[in-house]
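Input: a single structure, listed below in structure tokens.
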2 protein chains.
Amino acid sequence: MADIDLLQKITSAAGLSRYGQIAAQLQARIVSGDWPPGEAIPAEGALAKEFGIALGTIRQAIAVLVQEGLLERVQGRGTFVRKGLSGASLMRFFRFGGADGATAVPRSEILSCRAVRLDKAMAERFGLPSGARGLAITRRRWLDDKPRLLESIWLPLPRCEALQQLPVWEWGDLLYPLLGSQCGITVHRAVDEVTFRTLAHDEADLLELPDAHPCAVVTRHAFDLRGTCIEYRLTRGDAFAFRYTADIR
Amino acid sequence: MADIDLLQKITSAAGLSRYGQIAAQLQARIVSGDWPPGEAIPAEGALAKEFGIALGTIRQAIAVLVQEGLLERVQGRGTFVRKGLSGASLMRFFRFGGADGATAVPRSEILSCRAVRLDKAMAERFGLPSGARGLAITRRRWLDDKPRLLESIWLPLPRCEALQQLPVWEWGDLLYPLLGSQCGITVHRAVDEVTFRTLAHDEADLLELPDAHPCAVVTRHAFDLRGTCIEYRLTRGDAFAFRYTADIR
DNA sequence: TAGTGGTCTAGACCACTTG
DNA sequence: AAGTGGTCTAGACCACTAC
């Protein structure tokens, strides 16, 4: 009992509750790949026994990671490591044509893909030194046989080197599953910023829209399980197809 | 014990856990005004005793309402009914000029305010019969001595009747605190939908922007504690001042 | 010092899923 | 039937806030 009290005081001094510490340890195992995405983690009872804590406490730790979106609980089946984002989530911002336009995956056409020197700002995003190398990709996305979105994507090297080996016609329509299978990167979180401007000449040409047509610009930072930025993306689409819903409080 | 088991079975049959039921009862007291916004609710121990349940269960019930945004817990002080939205939250979508533009409250200029017959769609939003009366308000909002936003607001009558009695020059810059003080309505949730279009002649005039200038349109449905829609608002602003950040997962 | 919420324990039984 | 998470109990002590 005295041991437990002492331990409690030490952890409190460190600024973390017991379940907070446990949550951090569980997170470490997920991040390290010890428990891969889609797999079940050990049962509550087993974990409680392993850490030498009560059931309620391990449940609290798990609840933290569920809240963070790292874990998913399913009654009767177990607790699972969440798979990464599908990547189709960018379409949340646009509604093109048909009724099922929201769910359909637009076809991807790679316009260019080459290794480049990252400028200072871009390298900093990826936590790399200035002048580090990256992959610069230009992509056009089609829906209903019409060009809908224009994307400029930057990825850090050498982390995404495997992509260079794979011919672009084998990439498929979604980047994130590709990052998972080829580079072992799970995209766990993305932050999108929306602004608005008019299209440049070349952009308008590629999107088959009039010159200086209004467009919505979505700037995305995507992060892996560790919280490291692993993608910077600039998406442009017809402003008049933009539609977004926000729920406040 | 047998009583408790029986009760458990009945409640399960009803599809609600014990803490779910308790949460519903607490919510009812909040909605009814029994526990007004900003006030503390009784302590956990007192509630547990009143409902004849364990501490952990009442805590779970409270957690539900915290998650819904109805309650707020503060260690050492108590659990409080959350006050409604301030109404300034619409500025989340726009960044005008200065650094503190995000926090500043724009000055409100009421252009018109009159009682009208609501059309079918509008009456349905408010849960009123077709042809019911409502208040139609046009408002222009200023920041840095420039017109920034144009708002068309509809409110249900007779719920908001008190507003008609008050001269518009005494309304102040924020609508929601006014709805609280004059009509006893707490705005607890809002759903905003963003689209883009170009300005009509009259709109461009009022915003001192060129004709057919691109604009962002925010369509808002606001709801009270009961979940009833109590405001429909259409806000228009310069598209080039639009900026919004979304965090995915 | 008294009262509040925050953390933690060591059990019990229930509901759901799978084999 | 066995294993999982979901609900609930009846306590204990700690950290924070206010008087």
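Each chain gets a letter, A, B and so on, in the order its sequence line appears, and its residues count up from 1. Values reported hereafter were calculated over all heavy atoms of this structure, with side chains retained and with hydrogens, waters and symmetry mates removed.
Every residue two or more places apart in sequence or in another chain that forms a side chain to side chain contact (heavy atoms under 4.5 Å, CB included) with A:Arg189 is listed here: A:Val191, A:Phe223, B:Asp247. Residues forming a side chain to side chain contact (heavy atoms under 4.5 Å, CB included) with A:Val74 (at least two apart in sequence, or on another chain): A:Arg77, A:Phe80. In this view, B:Gln60 and B:Tyr19 satisfy the side chain to side chain contact (heavy atoms under 4.5 Å, CB included) rule, not counting sequence neighbours. Contacts of A:Phe242 classified as ring-ring contact (aromatic ring centres under 6.0 Å, His included), with partners at least two apart in sequence or in another chain: A:Phe93, A:Phe94, B:Phe196. Under the side chain to side chain contact (heavy atoms under 4.5 Å, CB included) criterion, B:Thr228 pairs with B:Arg159, B:Asp224, B:Arg226, sequence neighbours left out. Partners of A:Glu193 under the salt bridge (Lys or Arg N to Asp or Glu O under 4.0 Å) rule, at least two apart in sequence or in another chain, are B:Arg243.
Taking atom CG of residue B:Leu71 and atom P of nucleotide C:dG5, one finds them 11 Å apart after rounding to whole Å. Summarising the geometry, the separation between CD on B:Glu72 and C1' on C:dT4 is reported as 15 Å, rounded to the nearest angstrom. Look at CD on A:Gln21: it is 13 Å from P on C:dT7, rounded to the nearest Å. What separates OH of B:Tyr19 from P of D:dG6 is a distance of 9 Å, to the nearest Å. Across the protein-nucleic acid pair, A:Phe51 atom CZ and C:dC8 atom C1' stand 16 Å apart, rounded to whole Å. With rounding to whole Å, A:Phe80 atom CZ is found 11 Å from D:dT4 atom P. The interatomic distance linking B:Arg59 (CZ) with C:dC8 (P) rounds to 12 Å, in whole Å. Following rounding to the nearest Å, A:Gln60 (CD) and D:dT7 (P) show an atom-to-atom distance of 15 Å.
Between A:Gly52 and B:Ile62, the one whose closest nucleotide on DNA chain C sits nearer the 5' end is B:Ile62.
No side-chain donor from either of B:Arg249 and A:His188 sits under 3.5 Å from a side-chain acceptor of the other.
Applying the side chain to side chain donor-acceptor pair (under 3.5 Å) rule to pairs touching residues 31-42 of chain A yields nothing, sequence neighbours excluded. Within the structure, side chain to side chain donor-acceptor pair (under 3.5 Å) pairs that include any residue of residues 44-59 of chain B comprise B:Arg29-B:Glu50, B:Glu44-B:Arg59, B:Glu44-B:Arg73 (at least two apart or interchain).
Contact of the A:Pro106 side chain with the A:Trp142 side chain is not registered, since no non-hydrogen atoms from C-beta on lie closer than 4.5 Å. Contact annotation: the side chain of A:Thr235 never approaches that of A:Arg141 to less than 4.5 Å [non-hydrogen atoms, C-beta and beyond].
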Distances under 3.5 Å between nitrogen or oxygen atoms of protein and nucleotides 17-19 of chain C:
residue, atom, partner, partner atom, Å
C:dT18, OP1, A:Arg77, NH1, 3.4

Under 3.5 Å donor-acceptor pairs involving side-chain atoms of residues 166-175 of chain B, not counting sequence neighbours:
residue, atom, partner, partner atom, Å
B:Trp171, NE1, B:Leu166, O, 3.1
B:Asp173, OD1, B:Ser108, N, 2.9

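For A:Ser17, taking side-chain heavy atoms from C-beta onward, the closest of the listed nucleotides C:dT9, D:dT9, C:dT7 is C:dT7. With D:dC8, C:dC8, C:dG5 as the choices, the nucleotide that has an atom nearest any side-chain atom of B:Thr57 turns out to be D:dC8. Distance from the side chain of B:Arg73 is smallest for C:dG5 among the nucleotides C:dG5, D:dT9, D:dT7.
Helix-axis bend for the helix from C:dT1-D:dA18 to C:dT18-D:dA1: the local axis fitted to the five terminal pairs at one end deviates from that at the other end by 20°, rounded to 10°.
Less than 4.0 Å separates DNA chain D from no heavy atom of any residue of residues 22-49 of chain B.
B:Leu55 comes within 4.0 angstrom of nothing in the nucleic acid, heavy atoms only.
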